[in-house]
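Contents: one structure, followed by commentary.
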There are 2 protein chains.
Amino acid sequence: MDKSQKDTNTEQRILEAAKKVFVRKGMAGARMQDIADEAGINKALLHYYFRNKEKLFEMIFTEAASKLFPRINQLFTAELPLFEKIERFCHEYIDIVKSNPYLPLFVLNEINQNPEHFLQKFWKGEHKPNPTHLLNQIAEEVQRGTIRPIHPVNLLINLVSMTIFPFMAKPMLEANLGISADQFNDFIEQRKKEIPAFIISALRP
Amino acid sequence: MDKSQKDTNTEQRILEAAKKVFVRKGMAGARMQDIADEAGINKALLHYYFRNKEKLFEMIFTEAASKLFPRINQLFTAELPLFEKIERFCHEYIDIVKSNPYLPLFVLNEINQNPEHFLQKFWKGEHKPNPTHLLNQIAEEVQRGTIRPIHPVNLLINLVSMTIFPFMAKPMLEANLGISADQFNDFIEQRKKEIPAFIISALRP
DNA sequence: AGCTTTGTTAACTATTTGGTTAAACCATAT
DNA sequence: ATATGGTTTAACCAAATAGTTAACAAAGCT
């Protein structure tokens with residue numbers, strides 16, 4: 001094991017290894033041994049730092065979800081004109097997910113496999129997305145006639161779908177459009193501007 | 001065990017049970033015992049009909065993917081005006097997924113956990129989505145000036161994202177918007193018309 | 001130095017789980 | 001009735017995997 005590893009905090013190394021393995025393989029598919037190997041340590045040490053698999057997983061999942069959700073809230077609740085808000089959401093959110101492209105699929109999948117557990121236990125306070133502010137804002141603009149009539153929830157879902165879905169379909173897109181990981185990144189990068197333009201164009205009265 | 005179960009073909013009962021469990025828990029999370037229980041049979045009988053877990057899984061996965069992908073191709077390759085094609089895609093595809101709401105997340109997740117395996121082994125011929133026809137069609141309309149300039153791939157991804165993503169986020173949407181499964185269905189149903197309208201509006205020159 | 005706390009390991013245990021075996025069951029043909 | 005062949009089961013086995021223990025090493029403290 002090289003110095004750079006030994007130097008680093010063991011707990012941190014475990015968390016990074018666990019994240020890597022859990023996000024790739026999911027809670028059920030991840031092996032404690034693999035996490036230990038990835039961290040370059042003994043399996044027993046894993047249990048020394050984190051009592052069991054579930055505890056370790058919850059830590060990773062919480063961290064992952066914390067990266068994904070609270071920022072949504074900030075963006076949704078900000079005091080900004082609608083179009084600017086849409087632009088900023090796309091821009092910032094794509095940046096977040098771009099550096100963790102597998103997070104959305106991971107989180108949504110685990111939620112799907114155990115909805116009660118996560119949605120009841122984990123979604124408290126700041127973690128729970130609260131889109132009401134944005135929804136009201138959309139409804140206002142519709143009423144004022146500045147944008148085409150649209151059910152606010154539809155617009156919200158369209159925005160989120162177009163932003164997040166490409167990451168979830170990443171392996172398929174790369175294989176099917178015959179593009180490399182780099183090209184995928186370029187494609188995503190360009191969508192920062194494309195998605196808002198598309199939405200704003202759709203909303204022209 | 002009631003008559004209705006005993007009557008049905010055992011193999012069919014197993015496949016249905018396996019689908020239920022695999023789709024819910026994923027390959028790694030599914031337990032052969034659970035599948036046996038769900039089918040109301042002995043675990044050994046599972047291995048009598050399907051040699052092992054992998055074989056059984058592959059059967060389910062293939063069936064699932066066959067339900068999702070080939071239909072896309074038919075719709076993409078059809079000889080229809082662009083807008084009509086978009087409308088039909090939304091309408092028909094939402095119908096397909098509506099009766100199997102967990103399929104997209106299941107399939108994308110398994111592909112993600114083992115891209116080489118599935119994309120190389122499974123994507124042959126009709127299974128492989130081939131969007132070139134639709135992409136050309138979009139490019140033509142752009143050149144002709146009948147729709148706003150847009151990179152065809154972006155439009156394609158927007159269409160697919162808005163159609164499929166809501167199903168993947170179903171548990172989150174139900175919990176977060178405080179809606180029931182029935183209301184979710186209503187919401188999805190209404191999007192059959194909403195998504196095409198949104199896209200067509202965005203494409204107005 | 002000696003003592004205590006913290007970090008780390010190899011070897012082990014317990015449990016889960018995929019898969020097997022041999023016997024029982026049951027319908028049907030002879 | 002009974003032999004036959006496909007179907008089903010209870011009991012078992014082996015491999016994989018989460019978790020434990022006990023000994024040891026390193027670092028801190030008096």
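- Shown here for B:Ala65 and B:Val107, the closest heavy-atom pair between the two residues is N-CG2, 4.5 Å.
- A cation-pi arrangement is found for A:Arg24 relative to A:Tyr102, the charged atom lying closer than 6.0 Å to the ring centre and inside a 45° cone about the ring normal.
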Distances for protein N or O near nucleotides 11-14 of chain C N or O, under 3.5 Å:
none

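- Put simply, the side chain of A:Ser161 never gets that close to the backbone of B:Met162: no donor and acceptor are under 3.5 Å apart.
- Here OG1 of B:Thr132 is found 6.0 Å from CG of B:Asn136. Values are rounded to the nearest 0.5 Å.
- The interatomic distance linking B:Gln33 (CD) with C:dT16 (P) rounds to 12 Å, in whole Å.
- Ring centroids of A:Phe61 and A:Phe22 are separated by 6.0 Å or more, keeping the two rings apart.
- Spacing between atom CE of A:Met32 and atom P of D:dT20 amounts to 10 Å, rounded to whole angstrom units.
- Distance, A:Met27 CE to D:dT17 C1': 12 Å, rounded to whole Å.
- Residue A:Glu92 forms a salt bridge (charged side-chain N to carboxylate O under 4.0 Å, His left out) with just one option from A:Lys98, A:Arg71, A:Lys85, A:Lys192, and that option is A:Arg71.
- Under the 6.0 Å cut-off for aromatic ring centres, A:Phe50 and A:Phe57 do not qualify, their centroids lying 6.0 Å or more apart.
- A side-chain contact (heavy atoms from CB on, under 4.5 Å) with A:Tyr49 holds for exactly one of A:Thr10, A:Leu56, A:Leu15; it is A:Thr10.
- For D:dT8, one of the phosphate oxygens OP1 or OP2 lies less than 4.0 angstrom from a side-chain nitrogen or oxygen of B:Thr10.
- No contact: B:Ala36 has no heavy atom under 4.0 Å from any strand.
- Within residues 45-58 of chain B, the residues that place at least one heavy atom under 4.0 Å from DNA chain D are, in residue-number order, B:Leu45, B:Tyr48, B:Tyr49.
- Checking the phosphate oxygens (OP1, OP2) of D:dA16, no side-chain nitrogen or oxygen of A:Arg31 falls inside 4.0 Å.
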